[in-house]
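Taking it in order: structure first as structure tokens, then the write-up.
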2 protein chains.
Amino acid sequence: MNVKDAVSAFNDYLQSQGLKLTRQRALITEVFFDPAKRADHPTVEELYLRVKGRDSTVGHATVYRTLKLLVDGKLATPNRIGEDLTRYEPEVPGEHHDHMVCAECGLIIEFEDAEIERLQEQVAARHGFALRDHSMNLVVAPRGDCARADCLKGAAGEARGAGAAR
Amino acid sequence: MNVKDAVSAFNDYLQSQGLKLTRQRALITEVFFDPAKRADHPTVEELYLRVKGRDSTVGHATVYRTLKLLVDGKLATPNRIGEDLTRYEPEVPGEHHDHMVCAECGLIIEFEDAEIERLQEQVAARHGFALRDHSMNLVVAPRGDCARADCLKGAAGEARGAGAAR
DNA sequence: CTATATGCAAAACGTTTGCATCCCT
DNA sequence: AGGGATGCAAACGTTTTGCATATAG
């Protein structure tokens, strides 16, 4: 999903709700879906600062409010990966992935595993429920040294969709 | 792990750190490990209120500070199951489980699945990491009506109906 | 035009911390 | 006795909200 599609999808959502695509909302969405930053999971503050860099008049509240709308419109997902801050990640409709965070350097790796998801549904079913959503975060440690920049040393990119550093 | 063992284990930890087992710390630990409440995952506020019921002089800060010590001592685990609040759960050394939360009523069910855990290790290994820890939360919905006797639907205050609205 | 959105600053929330006092060991 | 520990309230950082003004459609 490129920037233009994201803004367009957001606009569709806004219109369906009788809301408006303002200059600020478009800008925030553009910055959030900026291809150069797609791998990270910004906090509201980080996103606010990036937005501010392009338009210093945008206020804190607008970023919070817009992020909430993006979540409602399924274009963003809040994620509490670490411990404290809420991070948001750009969402590509239809795709799903979980996270792996390196305990040494904090690198966040995305992955998906169909087999695990199948088992999750089984577990829910076993308790009489239907699986509606899930979150899974693995805390991992490198085997050997952690070289920060490329913590995935030796990680021959197998498991597809593992959009780690690139 | 019963109440007495928990307090004792906490005391061991405290002594190892040159800290003291005070009346308040013992009380908070007792309340936290109260068998009648072992299934739930109290927020700091909930625990504070329960403690306050037994000794109204205990302050907010002490509960926060003690909970942090319990976490350091591996007797408690912070868990962000729903969306907002941090919930703490009594930890039994050697045991592990994940959570399933009902989107309708907020009921939290604990489960463990060896197969999923095995796959998690595989995923980590596939990326060149060793699995150190993980958290997994399933958001589920009852099939049809929630017929569970322990369905918390309508139970204000406790476990807020996670997720749902999206 | 009118409903919605904005920016600001203040409020609200959970959590932490400084400090004078208190209490374990 | 003395180094923790406590309770209180003030401080904190994040997120929300009230309000007067600005703007999209």
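Throughout, protein chains are lettered first and strands after them, A, B, ... in sequence-line order, and every chain is numbered starting at 1.
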- Which class fits the ring pair A:Y13 and A:F10: parallel under 30°, tilted 30 to 60°, perpendicular over 60°?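 Plane angle under 30°, so parallel.
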- On the 0 to 90° scale, with breaks at 30° and 60°, tag the B:F111-A:H127 ring pair as parallel, tilted or perpendicular.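 It falls in the tilted class, 30° to 60°.
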- Query: Has the side chain of B:R25 got a donor or acceptor atom that lies under 3.5 Å from a matching backbone atom of B:K20?
  - Reply: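 Yes; at least one donor-acceptor contact below 3.5 Å.
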Take the protein atom [atom1] of [X] and the nucleotide atom [atom2] of [N], then report the distance between them rounded to whole Å.
| X | N | atom1 | atom2 | result |
| --- | --- | --- | --- | --- |
| B:L49 | C:dG14 | CG | C1' | 14 Å |
| A:E45 | D:dC12 | CD | C1' | 14 Å |
| B:H60 | C:dT15 | NE2 | P | 9 Å |
| B:D72 | D:dA5 | CG | P | 12 Å |
| A:N11 | D:dA24 | CG | C1' | 11 Å |
| B:I28 | D:dA5 | CD1 | P | 12 Å |
| A:L21 | C:dT6 | CG | C1' | 14 Å |
| B:D55 | C:dC23 | CG | P | 12 Å |

May I ask you to verify if any side-chain N or O of [X] is less than 4.0 angstrom from the OP1 or OP2 atom of [N]?
| X | N | answer |
| --- | --- | --- |
| B:R65 | D:dA5 | no |
| A:T43 | D:dT14 | no |
| B:T22 | D:dT6 | yes |
| B:R25 | D:dT6 | yes |
| B:Q24 | D:dG7 | yes |
| B:K68 | C:dT15 | no |

Measure from the side-chain heavy atoms of [X] and tell me the nearest of [options].
| X | options | value |
| --- | --- | --- |
| A:T57 | D:dT6, D:dT16, C:dG7 | C:dG7 |
| B:K20 | C:dT4, C:dT15, C:dC24 | C:dC24 |
| B:Y64 | C:dT6, C:dT15, D:dT15 | C:dT15 |
| A:A61 | C:dA9, C:dT6, C:dT15 | C:dA9 |

- Ionic contact status for A:E115 with A:R118, cut-off 4.0 Å: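 So A:R118 pairs with A:E115 through a salt bridge.
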- Using heavy atoms to find the nearest nucleotide of DNA chain D for B:L14 and B:K52 separately, return the residue whose nucleotide is more 5′.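 Looking at DNA chain D, the more 5' nearest nucleotide goes with B:L14.
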- Message: For B:H41, run the side chain to side chain donor-acceptor pair (under 3.5 Å) check against B:R87, B:E110, B:E46 and tell me which one passes.
- Response: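 With B:H41 as partner, side chain to side chain donor-acceptor pair (under 3.5 Å) holds for just one option, B:E110.
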